[in-house]
Amino acid sequence: MEDTEEKLVTRGLKFGKIAEVKHTANTLLAPTDWYVIRKYENDVIMPSNVVDFRAEVKAECNRLETEITACTTVEELITVMENASWNTL
């Protein structure tokens, strides 16, 4: 397989940053996972602020992953990561 070093470095950075974003989203969502489990096991309504928070975290994760994937330079990647906007509950 022939590949340039630049492509390998760029792919590695993107892969790492996407993994970081997913880890952050998971860390933020984990404390409210029990609401989801309770909803599906016992049909108990989730508080609207929890539903909204979880939707915002997932949307930010998706946005960041899309923007990271589209990056073609390290500078663009830095900008995307600096503009991450994670909400807290």
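Here the structure is a predicted model, which is why all the values come from computation and not from measurement. All values below were derived from every heavy atom in this structure, side-chain atoms included, with hydrogens, water molecules and symmetry-related copies excluded.
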For this session: Using the rule that two of Ile, Leu, Val, Met, Phe, Trp, Tyr join whenever any of their side-chain heavy atoms come within less than 4.5 Å, decide whether Tyr40 and Val44 are in one cluster.
Result: no
For this session: Check whether any side-chain heavy atom of Glu65 sits under 4.5 Å from a side-chain heavy atom of Lys22, and report yes or no.
Result: yes
Exercise. Quick one: NZ on Lys17 to CD on Glu67, what's the gap to the nearest 0.5 Å?
Worked result: 14.5 Å
Exercise. Stepwise, does the side-chain contact (heavy atoms from CB on, under 4.5 Å) test hold for Thr79 with Glu75?
Worked result: CA-CA 6 Å; Thr79 300; Glu75 290 76 18; 5.5 Å; no
For this session: Compare every heavy atom of Leu28 with every heavy atom of Asn87, then report the nearest pair and how far apart it is.
Result: O-CD1, 4.0 Å
Problem set entry | Minimum heavy-atom distance Pro47-Arg38, with the two atoms named | CD-NH2, 4.4 Å
For this session: Report whether Trp34 and Ile45 are members of the same hydrophobic cluster (ILVMFWY, side-chain heavy atoms less than 4.5 Å apart, transitive linking).
Result: no
Problem set entry | Derivation and outcome, side-chain contact (heavy atoms from CB on, under 4.5 Å), residues Met46 and Thr32 | CA-CA 10 Å; Met46 290 175 40; Thr32 60; over 6 Å; no
For this session: State whether a side-chain donor-acceptor pair under 3.5 Å links Thr24 with Glu20.
Result: no
Problem set entry | Flag side-chain contact, heavy atom, 4.5 Å: Val80 against Cys71 | yes
Problem set entry | Taking every non-hydrogen atom, the tightest pair across Glu76 and Ala70 | OE1-O, 4.1 Å
Exercise. Of the non-hydrogen atoms in Lys14 and Thr69, which two are nearest, and what is the gap between them?
Worked result: NZ-O, 3.0 Å
Exercise. Rounded to the nearest 0.5 Å, how far does CD of Glu56 lie from SG of Cys61?
Worked result: 14.0 Å
Exercise. Given side chains that start at C-beta, do those of Trp86 and Leu64 come closer than 4.5 Å, heavy atoms only?
Worked result: yes
Exercise. What's the verdict on side-chain contact (heavy atoms from CB on, under 4.5 Å) for Phe15 and Ile18, showing C-alpha distance, side-chain angles and the deciding distance?
Worked result: CA-CA 5 Å; Phe15 180 84; Ile18 288 171; over 6 Å; no
Exercise. Which residue, Asn49, Val50, Val51, Val57, forms the side chain to side chain contact (heavy atoms under 4.5 Å, CB included) with Phe53?
Worked result: Val57
Problem set entry | For Asp33, salt bridge (Lys or Arg N to Asp or Glu O under 4.0 Å) partners two or more places apart | Arg54
